[in-house]
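Structure, as structure tokens:
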Amino acid sequence: LARSLARDGHTIHAGDDELDPYLVASRFVRGSFQHPPPDRQPESALQVLSDYLDQHPEIDVLMPVSDIATRLISRQRDRFPKQVRLIVPDALVVERCVDKAAMFELCEHLGVALAQRRIVTDQANLLDAVAEIGTPCVVKPVDACHYLFDRKAIILREADEAAAALPYWPAEHASLCVQRFVDGPRHDISFAAHRGRLIGAVDCKVLQTDRQDGTG
């Protein structure tokens, strides 16, 4: 993203919640800063971002690039300077897109194929769902605003991994999704739409992740 925008003539500043040597060293990034994790410390992350914008009044566009950051900024859009344009949909649109349970129902309504799944709300049902669906399966948040034990998802490849990988119910989650794991490259579809009309879309096939277990 930084390369594409810089080649189009934009000056890029980028923030991250962990030290990224590629980001800091990139010739396409003019300035970089580190902020607290937006899922665990949202207010601190927003404050660091606001301070950086105050220190760099030349910045006139803000574009979050993760689900969690997009959700946080869409909810808090009123606290940013008016001269900073936010490249983020309205909060209602964002909330609807990241609601996995609602998306599953929509896919079923449209006849889109889905892997077997169960939405659970407590530890006992979680372990029952893993046993029912079998392995390999993936356990992931229904609410993408929080990670699951510091991970986006947990892949269970053997039945006896569940107790160790999911030792207790995470209090920050009202529900979790247990779903049959489908192996293969992940397709990330980034799209733009206006008033319900598709403007454009890009399919990015993810061949490698930053965790050895295939998550990240």
Side-chain angles (χ1 to χ4, degrees), residues 1 16-23 36-42 45 64-72 94-191 201-216:
L1 181 60
D16 201 355
D17 60 2
E18 56 187 38
L19 186 60
D20 186 335
Y22 297 102
L23 186 68
D39 62 318
R40 297 192 298 272
Q41 298 174 261
V65 293
S66 72
D67 288 349
I68 291 174
T70 297
R71 197 172 183 185
L72 179 61
V94 174
E95 297 295 332
R96 186 162 295 174
C97 287
V98 299
D99 185 338
K100 287 187 176 64
M103 287 296 106
F104 287 144
E105 292 178 2
L106 177 60
C107 286
E108 286 185 332
H109 176 72
L110 296 173
V112 177
L114 289 171
Q116 181 186 2
R117 74 190 187 281
R118 271 188 57 185
I119 305 296
V120 296
T121 56
D122 59 48
Q123 183 71 0
N125 284 327
L126 171 60
L127 298 179
D128 286 346
V130 170
E132 175 188 326
I133 290 175
T135 53
C137 68
V138 59
V139 182
K140 53 192 175 183
V142 172
D143 182 346
C145 194
H146 298 285
Y147 284 142
L148 177 60
F149 296 113
D150 292 325
R151 294 155 73 181
K152 291 181 71 174
I154 294 175
I155 299 173
L156 302 175
R157 301 188 183 278
E158 301 293 340
D160 57 3
E161 294 177 1
L166 305 160
Y168 57 87
W169 183 268
E172 64 271 20
H173 290 282
S175 58
L176 296 172
C177 175
V178 182
Q179 191 166 28
R180 169 68 67 175
F181 179 70
V182 179
D183 202 4
R186 187 181 77 216
H187 290 262
D188 278 353
I189 311 295
S190 299
F191 69 92
V202 175
D203 179 5
C204 175
K205 186 160 67 172
V206 180
L207 302 178
Q208 184 175 341
T209 64
D210 56 5
R211 287 180 179 267
Q212 290 185 342
D213 65 0
T215 65

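When reading the values below, keep in mind they use all heavy atoms of this one structure, side chains included, and skip hydrogens, waters and symmetry mates. Since we're looking at a predicted model, the values are computed, not measured.
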Item to check | Residue list, side-chain hydrogen bond (donor to acceptor under 3.5 Å, both in side chains) with Asn125, at least two apart or on another chain | outcome: Asp122
Next on the checklist: Distance check, rounded to the nearest 0.5 Å: Thr135 atom OG1 versus Arg180 atom CZ?
Outcome noted: 7.0 Å
Checklist entry - Would you say the side-chain atoms of Gln123 pair up with the backbone N or O of Trp169, donor to acceptor, closer than 3.5 Å? => result yes
Next on the checklist: For His187, I'd like to know if atom NE2 has over 12 heavy atoms of other residues, nucleotides or ligands within 6.0 Å.
Outcome noted: yes
Item to check | Between CZ on residue Arg117 and CD on residue Glu108, distance to nearest 0.5 Å | outcome: 4.0 Å
Next on the checklist: Which heavy atom of Lys205 sits nearest to which heavy atom of Pro185, and what is that distance?
Outcome noted: CG-CB, 3.6 Å
Checklist entry - If you measure from CD1 on Ile154 to CZ on Phe181, what distance do you get to the nearest 0.5 Å? => result 13.5 Å
Next on the checklist: Set out, in order, the CA-CA distance, both residues' side-chain angles and the distance that settles side-chain contact (heavy atoms from CB on, under 4.5 Å) for Leu166 and Leu176, then state yes or no.
Outcome noted: CA-CA 11 Å; Leu166 305 160; Leu176 296 172; 5.5 Å; no
Item to check | Gap separating the CD atom of Glu172 from the CG atom of Asp39, nearest 0.5 angstrom | outcome: 8.5 Å
Checklist outcome for this item: Interatomic distance, CG@Leu148 vs SG@Cys177, rounded to 0.5 Å, equals 11.0 Å
Checklist entry - Under the 3.5 angstrom rule, does the side chain of Arg71 hit a backbone N or O of Val94 as a donor-acceptor pair? => result no
Checklist entry - Which pair of heavy atoms, one from Val139 and one from Leu126, lies closest together, and at what distance? => result CG1-CD1, 4.0 Å
Item to check | Val206: side chain to side chain contact (heavy atoms under 4.5 Å, CB included) partners, not counting sequence neighbours | outcome: Arg186, Asp188, Thr209
Item to check | Test item: Gln116 and Glu132 side chains (from C-beta on) under 4.5 Å apart, heavy atoms | outcome: yes
Checklist entry - Got Arg157 and Cys137 here, is their nearest side-chain heavy-atom distance under 4.5 Å? => result no
Next on the checklist: Nearest 0.5 Å, please: how far is CG in Asp17 from OG in Ser66?
Outcome noted: 8.0 Å
